[in-house]
Undergrad: 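Dumping the structure here so I can ask a few things about it.
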Number of protein chains: 2
Amino acid sequence: MSAVDRRKQILRAAAQSFTLFGYKATTMDQVAKIANVGKGTIYTFFSNKEELFDEILNTAILEMKRLAESKVDREKTFFENLFSVLDALLEFRGEHELFIKLSQEVRDVGTLKARDGLARLERVILEYLEKEIAYALDHEEIGTCDPQVAAFVMFKLYIALTSDYKHVREPLGKEEIHHYIRLFLADGLANPECRPYQHT
Amino acid sequence: MSAVDRRKQILRAAAQSFTLFGYKATTMDQVAKIANVGKGTIYTFFSNKEELFDEILNTAILEMKRLAESKVDREKTFFENLFSVLDALLEFRGEHELFIKLSQEVRDVGTLKARDGLARLERVILEYLEKEIAYALDHEEIGTCDPQVAAFVMFKLYIALTSDYKHVREPLGKEEIHHYIRLFLADGLANPECRPYQHT
DNA sequence: AATTGACCGAAATGGAAAATCAGTCATAAC
DNA sequence: GTTATGACTGATTTTCCATTTCGGTCAATT
């Protein structure tokens, strides 16, 4: 088997183990066993566990980013693009599961490396949103706002609706999530009937 | 000294200790010492530590609720009331500090009782918001939405702006928080061109 | 009758012994 | 000669268990 194949095999095994058991609970012996190589072989391709993890994480983040970018169509509106990206990402099982496992690990054990990984993902998402928001601002598709704050709020709203809410009530479906993102973010709660009212 | 005074003295001492050291780190000996009573005396008024804590927590929650209710003026709009309640609560040091300490404790040590206490507070806040949102809906002040979801989103948005955001960037000031709650919740991000009024 | 603090057992803490794991390297396989 | 391997090593983690701490009681005291 070629060196390239071996490397891929190790990456596949490691990715599987990280999404199944998290960062802390995957051992290098474990990865070697799944990949059907001796443990030493891993170290001919990756200098340590951290680097192996980082490569998997970076690949996952990059794939999500590319997927998102592939869904954006400059002919469409900001919110149309937002929703098609959201849909695509929600369907995207593979990478998703790694990040869900890492979230669990942070909650339950507080593994530092898992926390870092999620922070990196968050930064990439925020940067991506900021960029899209800035573009939408330029093209006067959305109202005046600081893209950094807007990106942050959008991200938090998304997490609140998809993940936090289910700890309080029945989880929301995809359509409901779309509906509420549109309601809160795009349209606003204030009743158009009552407009214009006094701002401070 | 009367039994009533003694009881109050114990409550005051316990409240002080809970907000200073959290639930786990306040001992009954500690409370007795601060209150200047024998430890046994505490147990003539409260059957155990849990009950003592609950009484303090319930009082704090009730006070916050009453404060909020006192700020609501049915002549004013939903959002006007929302902002005056928010301002009042942000100024409300006393109870605030207990809840901040409990939040820390949940983060750092994960004390179950502290988590429960904060969950109770959250429930009361959500119920209160749901009630106000339902009222606003009835009076056609806000657009159609599920009060439970809307309350949840408003709460999360508030936490995101006041507490979460400062872990990513410079914390937002009171006016900025108002501004963004108005922008995201009330008015919506979608292009002002399509709206009959100007954004800030 | 009310108050107290020494006392009790359960639970938390700390630290030492045992186990586990990331990473190395001498040997084996080719 | 080159690459792959797994037994080995020291650092870290986990697992005990001895000791301490703390919530709660109650016999003695006021």
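Here the structure is a predicted model, which means the values were calculated and not measured. Just the heavy atoms: all of them, side chains too, but no hydrogens, waters or symmetry mates, feed the values below. Sequence lines set the chain letters: A, B, ... in the order given, protein chains first and strands last, and positions in each chain run from 1.
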Undergrad: Where the side chain of A/V37 is defined as all heavy atoms beyond and including C-beta, which of D/dT5, D/dT25, C/dT4 is the nearest nucleotide?
TA: D/dT5
Undergrad: Nearest to the side chain of A/T44 - C/dT24, D/dA4, D/dG24?
TA: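 So the side chain of A/T44 is nearest to D/dA4.
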Undergrad: Closer than 4.0 angstrom, basic N to acidic O: yes or no for B/E122 and B/K156?
TA: no
Undergrad: Check this one for me: any side-chain N or O of B/R6 less than 4.0 Å away from OP1 or OP2 of C/dT3?
TA: yes
Undergrad: Measure CG/B/D5 against C1'/C/dT3 and give the value in whole Å, please.
TA: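 To the nearest whole Å, that distance equals 16 Å.
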Undergrad: Going by an N to O cut-off under 4.0 Å, is there a salt bridge joining A/R123 and A/E130?
TA: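 Answer for the salt bridge query: yes.
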Undergrad: Just how far, in rounded Å, is C1' of C/dG23 from CD of A/E51?
TA: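 Rounded to whole Å, this separation is 13 Å.
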Undergrad: Considering only side-chain heavy atoms of A/K24, which listed nucleotide, C/dT13, C/dA22, D/dT14, is closest?
TA: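 Selected nucleotide: D/dT14.
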Undergrad: Verify the contact: side-chain N or O of A/T27 to OP1 or OP2 of C/dC21, cut-off strictly under 4.0 Å; return yes or no.
TA: no
Undergrad: Can you measure B/F46 atom CZ to D/dG24 atom C1' for me and round it to whole angstrom units?
TA: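 Going from B/F46 (CZ) to D/dG24 (C1'), I get 15 Å.
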Undergrad: Nearest whole Å is fine: how far is D/dT5 C1' from A/M28 CE?
TA: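 A/M28 atom CE is separated from D/dT5 atom C1' by 15 Å.
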Undergrad: In this structure, how many angstroms lie between the P atom of D/dT21 and the NZ atom of B/K39, rounded?
TA: 13 Å
Undergrad: Send over the distance from B/L112 CG to C/dA12 C1', rounded to a whole Å.
TA: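 The answer, rounded to whole Å, is 16 Å.
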Undergrad: OP1 or OP2 of C/dT3 versus the side-chain N and O atoms of B/T41: is any pair under 4.0 Å?
TA: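 No.
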Undergrad: A/L57 and side-chain contact (heavy atoms from CB on, under 4.5 Å): which partner among A/L98, A/D116, A/L62?
TA: A/L98
Undergrad: Any luck finding a side-chain donor-acceptor pair between B/E97 and B/T19 under 3.5 Å?
TA: no
Undergrad: Whole angstrom is fine here: how far is it from CG in A/N36 over to C1' in D/dT5?
TA: 13 Å
Undergrad: Starting the side chain at C-beta, find the nucleotide from D/dT25, D/dT5, C/dG23 nearest to A/K49.
TA: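 For the A/K49 side chain, the nearest candidate turns out to be C/dG23.
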Undergrad: Side chains of B/T26 and B/Q30: is there a donor and an acceptor less than 3.5 Å apart?
TA: no
Undergrad: Quickly work out the B/K33 NZ to C/dG5 P distance and round it to whole Å.
TA: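 Distance check: B/K33 NZ to C/dG5 P gives 12 Å.
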